[in-house]
Amino acid sequence: MRQYEAIVFAVEAERAAAESGRAVIGRYDQYGAKELQMIARLIADRYGKTALLASTSDWRAVIAKAPSSLLHAGNWLKEQAALFGGKGGGNERQGQAAFPSLEALSQFLSRVETAGID
């Protein structure tokens with residue numbers, strides 16, 4: 001089963017990276033935060049892009065930064081999520097945040113899609 005998941009996540013990472021510019025911002029109904037962390041890390045490591053992925057089923061967002069990025073992923077996500085009632089954090093390379101509602105998560109994602117990830 002783990003091998004199957006690894007293949008599915010690799011295919012999803014490749015698709016998401018191919019459909020985006022410097023950063024990948026995605027919304028998913030079918031995956032929780034744990035699965036999205038794996039996909040985000042694949043996008044960052046294999047394709048050199050920062051990935052911000054959100055789970056609409058559990059109102060969480062994860063980030064994994066590209067190796068070339070100067071962004072502190074955990075601090076950035078914590079600060080941005082707080083603007084929408086979210087709580088989170090992480091380390092320099094990756095982070096996770098939880099939001100109080102789907103609406104708050106959607107507002108957060110809309111802002112990031114407009115402003116970008118810096």
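Note that the structure is a prediction, hence the values are computed from the model and not measured. This chain uses plain numbering: 1 for the first residue, then up along the sequence.
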**OP:** Give a yes or no on whether the backbone of A23 and the side-chain of K49 come within a donor-acceptor separation of less than 3.5 Å.
**Re:** no
Subject >> All pairs passing side-chain hydrogen bond (donor to acceptor under 3.5 Å, both in side chains) where residues 78-90 contributes a residue, at least two apart >> reply: Q80-R111
**OP:** Taking the side chain as every heavy atom from C-beta outward, state whether L52 and L109 have any atom pair closer than 4.5 Å.
**Re:** yes
Original post:
Any chain of hydrophobic side-chain contacts (each under 4.5 Å) joining I43 to L70?
Top reply: no
Subject >> Min side-chain heavy-atom separation L102-S106 under 4.5 Å >> reply: yes
Original post:
When rounded to the nearest 0.5 angstrom, what distance separates OG in S57 from CZ in R27?
Top reply: 13.5 Å
Subject >> Residues which pass ring-ring contact (aromatic ring centres under 6.0 Å, His included) with F9, listed by chain and number, not counting sequence neighbours >> reply: Y31
Subject >> Residue pair D29 / T56, side-chain donor-acceptor N/O under 3.5 Å >> reply: yes
**OP:** For Q3, look at atom CD and say whether over 12 heavy atoms of other residues, nucleotides or ligands are found less than 6.0 Å away.
**Re:** no
**OP:** Would you mind listing every salt bridge (Lys or Arg N to Asp or Glu O under 4.0 Å) that reaches into residues 50-70, with sequence neighbours excluded?
**Re:** K65-E92
Subject >> Atom pair CD1/CD of I7 and E5 - distance to nearest 0.5 Å >> reply: 11.0 Å
**OP:** Measure across P67 and A44 and return the closest heavy-atom pair with its distance rounded to 0.1 Å.
**Re:** CD-O, 3.3 Å
Subject >> Residue pairs fulfilling ring-ring contact (aromatic ring centres under 6.0 Å, His included) with at least one residue in residues 44-103, sequence neighbours excluded >> reply: F99-F108
**OP:** Determine the minimum heavy-atom distance between G95 and A73, stating which atoms define it.
**Re:** N-CB, 4.4 Å
**OP:** Is it possible for you to say whether V24 and L71 belong to one hydrophobic cluster, with membership spreading through side-chain heavy-atom contacts below 4.5 Å?
**Re:** no
Original post:
Is there a chain of hydrophobic side chains (I, L, V, M, F, W, Y, each step under 4.5 Å between heavy atoms) that links Y28 to V11?
Top reply: no
Original post:
Tell me the salt bridge (Lys or Arg N to Asp or Glu O under 4.0 Å) pairs involving residues 96-108, sequence neighbours left out?
Top reply: none
**OP:** Please report the closest heavy-atom contact between G32 and S55, naming both atoms and the distance.
**Re:** CA-OG, 3.7 Å
Subject >> Sidechain-backbone polar pair: T50 side chain, A66 backbone, donor-acceptor under 3.5 Å >> reply: yes
**OP:** Output every pair passing salt bridge (Lys or Arg N to Asp or Glu O under 4.0 Å) with a member in residues 8-23, not counting sequence neighbours, ordered by first then second residue.
**Re:** E12-R15, R15-E19
Original post:
How long is the gap from OG on S110 to CG on L105, to the nearest 0.5 Å?
Top reply: 9.5 Å
Original post:
Which value, rounded to the nearest 0.5 Å, describes the distance between L83 atom CG and Q107 atom CD?
Top reply: 11.0 Å
**OP:** Answer yes or no: is there a side-chain heavy-atom contact under 4.5 Å between V62 and I39?
**Re:** no
**OP:** State, without any angle test, whether Q94 and Q37 hold a side-chain donor-acceptor pair at a distance under 3.5 Å.
**Re:** no
Original post:
So, do I25 and I117 sit near enough that their side-chain heavy atoms are less than 4.5 Å apart?
Top reply: yes
